[in-house]
There are 2 protein chains.
Amino acid sequence: MESETVVRALSALAQEHRLALFRLLVQAGPEGLAAGAIAEALGVPASSLSFHLAQLNNAGLIAQRRDGRSLIYSADYGAMTALLGFLMENCCGGAVCVPAAPCNTKDTTERTAA
Amino acid sequence: MESETVVRALSALAQEHRLALFRLLVQAGPEGLAAGAIAEALGVPASSLSFHLAQLNNAGLIAQRRDGRSLIYSADYGAMTALLGFLMENCCGGAVCVPAAPCNTKDTTERTAA
DNA sequence: TCCATATTTCGACAATTATCGAATCACGGA
DNA sequence: TCCGTGATTCGATAATTGTCGAAATATGGA
């Protein structure tokens, strides 16, 4: 995982609305939520939400799929796992002290084993 | 751990120089590094570095102590652990799937067990 | 085809952030 | 006390980010 990728992911999460949004999706599970439902849950105007969704999507933290007229967003657990792994990777002088795979979800992306 | 605290911590890490700086301190261990040594290692002007150190310090991610004329900075493993714990806390529908205590270091601050 | 709905893109503006030289502060040694 | 060094604060500037209404795009149904 590259440093630039990590910075983008951290930047994406480093904002009240987006942090709340991401956590909402994490809790919603793989089924995800429609953009409209998220906007209502967070009390954010649609255009603002769209901006934040784009940020998270660009950072690779969430996935997008279409269902009829709705766009469904869901958290990418694999990306989150990779991020946490990176942050821990040099903890205690280079030894990974915790298995960097918190959840037994089928990762949608690479696992960055190296 | 409050959402605002988390955002501040993530914001602090969401910057190339600060991410590199924090990781440098994490690798340096509890002994830490003097500001000057960090500036040289990262190739950043002293005043710029001071700004970034203040950000990380304000976010509670690093600790500061004085040794003669030098100010020594070191990573706060407890804060990092708390942050990772928060990010995982609602993973998989509310169950913490990994013990949120990656390292066997004596935490310098509170452990936020709750 | 035409309309209604779901969502994004555009555009303009306010607010925050990063940068870094110069000035200032803090400490130790002579 | 006075000087030198390590580090921070100040101040000005450039760049990035967040906000949200209005307009545009995409899709399904009549």
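Remember, it's a predicted structure, so these values are computed and weren't measured experimentally. Just so you know, these numbers use all the heavy atoms, side chains as well, and skip hydrogens, waters and symmetry mates.
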Rounded to whole angstroms, how far apart are [atom1] on [X] and [atom2] on [N]?
| X | N | atom1 | atom2 | answer |
| --- | --- | --- | --- | --- |
| A:L10 | D:dT17 | CG | P | 14 Å |
| B:L56 | D:dT8 | CG | C1' | 16 Å |
| A:R65 | C:dA6 | CZ | C1' | 16 Å |
| B:R18 | D:dT16 | CZ | P | 15 Å |
| A:L49 | D:dT17 | CG | C1' | 16 Å |
| B:I72 | D:dG6 | CD1 | P | 12 Å |
| B:E16 | C:dT17 | CD | P | 18 Å |

Does B:H52 make a side-chain N or O approach to OP1 or OP2 of C:dT19 shorter than 4.0 Å?
yes
Tell me whether the side-chain N/O atoms of A:H17 come closer than 4.0 Å to OP1 or OP2 in D:dT19.
yes
Which is more 5' along DNA chain C, the nucleotide nearest A:G36 or the one nearest B:Q15? Just name the residue.
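It is A:G36 whose nearest nucleotide is closer to the 5' end.
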[X] side chain: which of [options] is closest?
| X | options | value |
| --- | --- | --- |
| A:A35 | D:dC20, C:dT7, C:dT19 | C:dT7 |
| B:R66 | C:dA26, C:dA18, D:dG18 | C:dA26 |
| A:P45 | D:dG21, D:dG18, C:dA18 | D:dG21 |
| B:Y73 | C:dC20, D:dT8, C:dT7 | D:dT8 |
| B:S48 | C:dT19, D:dG18, D:dC20 | C:dT19 |
| A:R69 | D:dC20, D:dG28, C:dT8 | D:dG28 |
| A:L71 | C:dT8, D:dT19, D:dT8 | C:dT8 |

[Y] side chain reached by [X] side chain, heavy atoms, under 4.5 Å:
| X | Y | answer |
| --- | --- | --- |
| B:L56 | B:H52 | no |
| B:I38 | B:L25 | yes |
| A:L21 | A:L49 | yes |

Closest non-hydrogen atom pair, A:S74 against A:G29
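What the structure gives for the nearest pair is CB-O, 4.3 Å.
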Closest non-hydrogen atom pair between A:N57 and A:A63, with its separation:
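Taking every non-hydrogen atom into account, OD1-CA, 4.3 Å.
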Considering every strand and a 4.0 Å limit on heavy-atom distances, what is the contact class for A:S70: base, sugar-phosphate, or nothing?
sugar-phosphate
Looking for any heavy atom pair under 4.0 Å, which part of the strands does B:A34 touch: base, sugar-phosphate only, or nothing?
sugar-phosphate
Here's a test of your reading of the structure: between A:F51 and A:D67, which maps to the more 5' nucleotide of DNA chain D?
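It is A:F51 whose nearest nucleotide is closer to the 5' end.
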Please determine whether any donor N or O and acceptor N or O are separated by less than 3.5 Å between the side chain of B:S47 and the base of C:dG21.
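By the distance-only test, yes, there is a pair.
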